[in-house]
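Quick notes on the structure that follows.
Along the sequence shown, residues are numbered consecutively beginning with 1.
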Amino acid sequence: MPGPAAGTAVAATTTDVVCLGESMVTFLPSQPGRLADVPSFGRGIGGAESNVACALAAAGHRAAWVGRVGADGFGDHLVETIASYGVDTSAVRRDPLRPTGIYFRTATDRGTDTHEVAYYRAGSAASAMSPANVPYEELFAGRILHLSGITAALSGDCLALLRELTAARPGRPLVSFDVNHRPHLWRGGDADASVLLELARRADLVFVGEDEAEEAWGIVGPEAIRAAVPEPSVLVVKRGSAGATVFASGLRPGPRSSNAGGAEDADTVTHVPALRVDVVAAVGAGDAFAAGFLSATLRGLPVRDRARHGHLMAAAVLTVPGDLTEPPARDHADRLVALDDDAWGTLRLGPGWTAADRASEEVRTP
């Protein structure tokens, strides 16, 4: 029967965050240049939700990834690699009829005109996820369930699944939703914009880039985005080098009260500047920011500190070539987060900064 059975009790929480979505094998170029000219590729993994799970596990949290992969060698590689970060992959399903998705990309930043990505994910095992074949008990076993708009774009069944998981129900874990607008994944028309807005409004904690909100919804500025997405208790608007603006009306799951104007419902608005970072590659920074913010949320830290932890986790990924890296040690990150505004504003982070024993060398001021 699609969806969880009515009245089914939520399992005792044994996991901090459960992440659901597609992960793929990534082929990374051995040198810069067009895909047509690159002679060889190294193998890695890529997937927004599995990236978040890996970062959280590396940061010491109990994280699980739920997905669907083919019964093939690429599926083996994905599951084994994600598990090697300490992520629980026991709920991953294997599909004997559909392959694991793969993709190739160039070495250039995805924001440039020369960046190329070649996806081979149509008909993948992940695209067959649906309300009828996912393990609901495992999905609802965490304190937080993390989803993204990428899954909704994979197929009609995947969209139905996200609608099921974001539906209001007693005992639902806090639902975290990263909009992750990827226009090339959608099947034409403006469905992506309305679907992503619908799902965001059903979540409890939402991450959205200021640029993607303008592209998908034609909305400009954090306040206008909040007006369009008023329901989530926490809305994080990522503004690139300008930092992040967080709107918070409460930190528990569930929609905000309908008593418009009530004091208990008034947003607190917190702007947290980004760090200056010597960027090696921009891939994976958004996922890392989400992981840092979720990590601090699990610890019950103030909103400013949640965003700062997001910036630090993003900086760790920005200063390495791939999507994943070892995050800063918790005590190291906590010391940086506790800096006053002036000291935070003078930080400059470069490759290797996460090594706490070299912090004095890698964390520099102008």
Test your reading of the model: is there a side-chain donor-acceptor pair from Ser30 to the backbone of Ser40, 3.5 Å cut-off?
yes
Between the main-chain N or O of His271 and the side-chain N or O of Thr245, is there a donor-acceptor pair closer than 3.5 Å?
no
Got a salt bridge between Arg299 and Asp16, using NZ or NE/NH1/NH2 to carboxylate O under 4.0 Å?
no
Is there a chain of hydrophobic side chains (I, L, V, M, F, W, Y, each step under 4.5 Å between heavy atoms) that links Val18 to Val206?
yes
With a 4.0 Å cut-off, would you call Arg304 and Asp340 a salt bridge?
no
So how far is it from Cys19 SG to Leu294 CG, rounded to the nearest 0.5 Å?
7.5 Å
CD1-OG distance between Ile144 and Ser295, expressed to the nearest 0.5 angstrom:
9.5 Å
Any Leu324 side-chain heavy atom under 4.5 Å of Tyr85 side chain:
yes
Is there a donor-acceptor contact under 3.5 Å from the side chain of Trp65 to the main chain of Gly21?
yes
Smallest separation among heavy atoms of Phe207 and Ser176, with atom names:
CE1-OG, 3.5 Å
Starting from the C-alpha separation in whole Å, work towards a yes-or-no answer on side chain to side chain contact (heavy atoms under 4.5 Å, CB included) for Asp267 and Ser249.
CA-CA 5 Å; Asp267 271 334; Ser249 63; 3.4 Å; yes
On a heavy-atom basis, which atom in Phe140 and which in Pro173 lie closest, and how many Å separate them?
CD2-CD, 3.9 Å
Partner of Trp353 by side chain to side chain contact (heavy atoms under 4.5 Å, CB included), out of Leu347, Leu336, Leu275:
Leu336
Are Val317 and Val277 linked, directly or through other ILVMFWY residues, by side chains that come within less than 4.5 angstrom of each other?
no
If you define the side chain from C-beta out and look only at heavy atoms, does anything of Leu196 sit under 4.5 Å from His181?
yes
Between Arg308 (side chain) and Val337 (backbone), is there a donor-acceptor pair under 3.5 Å?
yes
Over all atoms of both residues, closest heavy-atom pair of Ala58 and Pro327
CB-CD, 3.5 Å
Using the rule that Ile, Leu, Val, Met, Phe, Trp and Tyr join whenever any side-chain heavy atoms are under 4.5 Å apart, tell me whether Val134 and Val79 fall into a single cluster.
no
Looking only at the aromatic ring of each residue, does the gap between the centers of His309 and Phe293 stay below 6.0 angstrom?
no
Do any N or O atoms from the side chain of Asp192 and from the backbone of Ala153 form a donor-acceptor pair under 3.5 angstrom?
no
Please test Lys238 against Asp178 for side chain to side chain contact (heavy atoms under 4.5 Å, CB included), starting from the C-alpha separation and ending with a verdict.
CA-CA 11 Å; Lys238 298 175 293 182; Asp178 193 333; 3.9 Å; yes
Go through the steps for Arg202 and Val175 under the test side chain to side chain contact (heavy atoms under 4.5 Å, CB included), then give the verdict.
CA-CA 9 Å; Arg202 292 157 67 105; Val175 173; over 6 Å; no
Nearest 0.5 Å please: distance from the CZ atom of Arg68 over to the OG atom of Ser130.
7.5 Å
Under 3.5 Å, is there a donor-acceptor pair linking the side chains of Asp157 and Ser155?
no
Show the nearest heavy-atom pair for residues Ala128 and Asn133, with the distance to one decimal.
O-ND2, 2.9 Å
Do Pro222 and Phe247 make a side-chain contact, defined as non-hydrogen atoms from C-beta onward lying under 4.5 Å apart?
yes
Test: Asp278 and Arg348 ion pair at under 4.0 Å
yes
Between Arg94 and Gly70 (side chain of the first, backbone of the second, donor and acceptor by atom type, cut-off under 3.5 Å), is there such a pair?
yes
Aromatic plane relationship, Trp344 with His311 - under 30° parallel, 30 to 60° tilted, over 60° perpendicular
tilted
Find out if a path of hydrophobic residues (ILVMFWY) with successive side-chain heavy-atom gaps under 4.5 Å connects Leu154 to Val25.
no
Heavy-atom donor-acceptor pair, Thr106 side chain to Glu116 backbone, under 3.5 Å
yes
Nearest heavy-atom pair of Arg98 and Asp95: which atoms, and what distance?
NH1-OD2, 3.0 Å
From CA spacing to verdict: side chain to side chain contact (heavy atoms under 4.5 Å, CB included), Val303, Val234:
CA-CA 9 Å; Val303 168; Val234 179; over 6 Å; no
Could you state the interatomic distance from CG (Asn180) to CG (Leu147), rounded to the nearest 0.5 Å?
11.5 Å
Are the side chains of Val66 and Pro135 in contact, using a 4.5 Å heavy-atom criterion?
yes
Is any side-chain heavy atom of Leu161 less than 4.5 Å from a side-chain heavy atom of Pro131?
yes
Looking only at atom types and distance, does a side-chain atom of Arg330 sit under 3.5 Å from a main-chain N or O of Pro328, one as donor and one as acceptor?
no
When rounded to the nearest 0.5 Å, the distance separating NE2 of His146 from OG of Ser50 is 10.0 Å
Has Thr319 got a side-chain atom pairing as donor or acceptor with Ala316's backbone, closer than 3.5 angstrom?
yes
What class does the angle between the rings of Phe104 and Phe27 fall in, given that below 30° is parallel, 30 to 60° is tilted and above 60° is perpendicular?
parallel
Report yes or no: does Arg306 contribute a side-chain atom to a donor-acceptor pair with the main-chain N or O of Leu301 at less than 3.5 Å?
yes
Should Val195 and Val179 be counted in the same cluster of Ile, Leu, Val, Met, Phe, Trp and Tyr side chains packed under 4.5 Å apart?
yes
Would you check if Val320 and Val280 make a side-chain contact, meaning some heavy-atom pair closer than 4.5 Å?
no
Mind checking whether Arg121 and Leu185 have side chains closer than 4.5 Å, heavy atoms only?
yes
Which pair of non-hydrogen atoms, one from Val38 and one from Gly33, has the smallest distance, and what is that distance?
CG2-O, 3.9 Å
To the nearest 0.5 Å, atom CE of Met313 lies from atom OG1 of Thr354 at 11.0 Å
Looking at side-chain heavy atoms only, is the closest gap between Thr151 and Leu20 below 4.5 Å?
yes
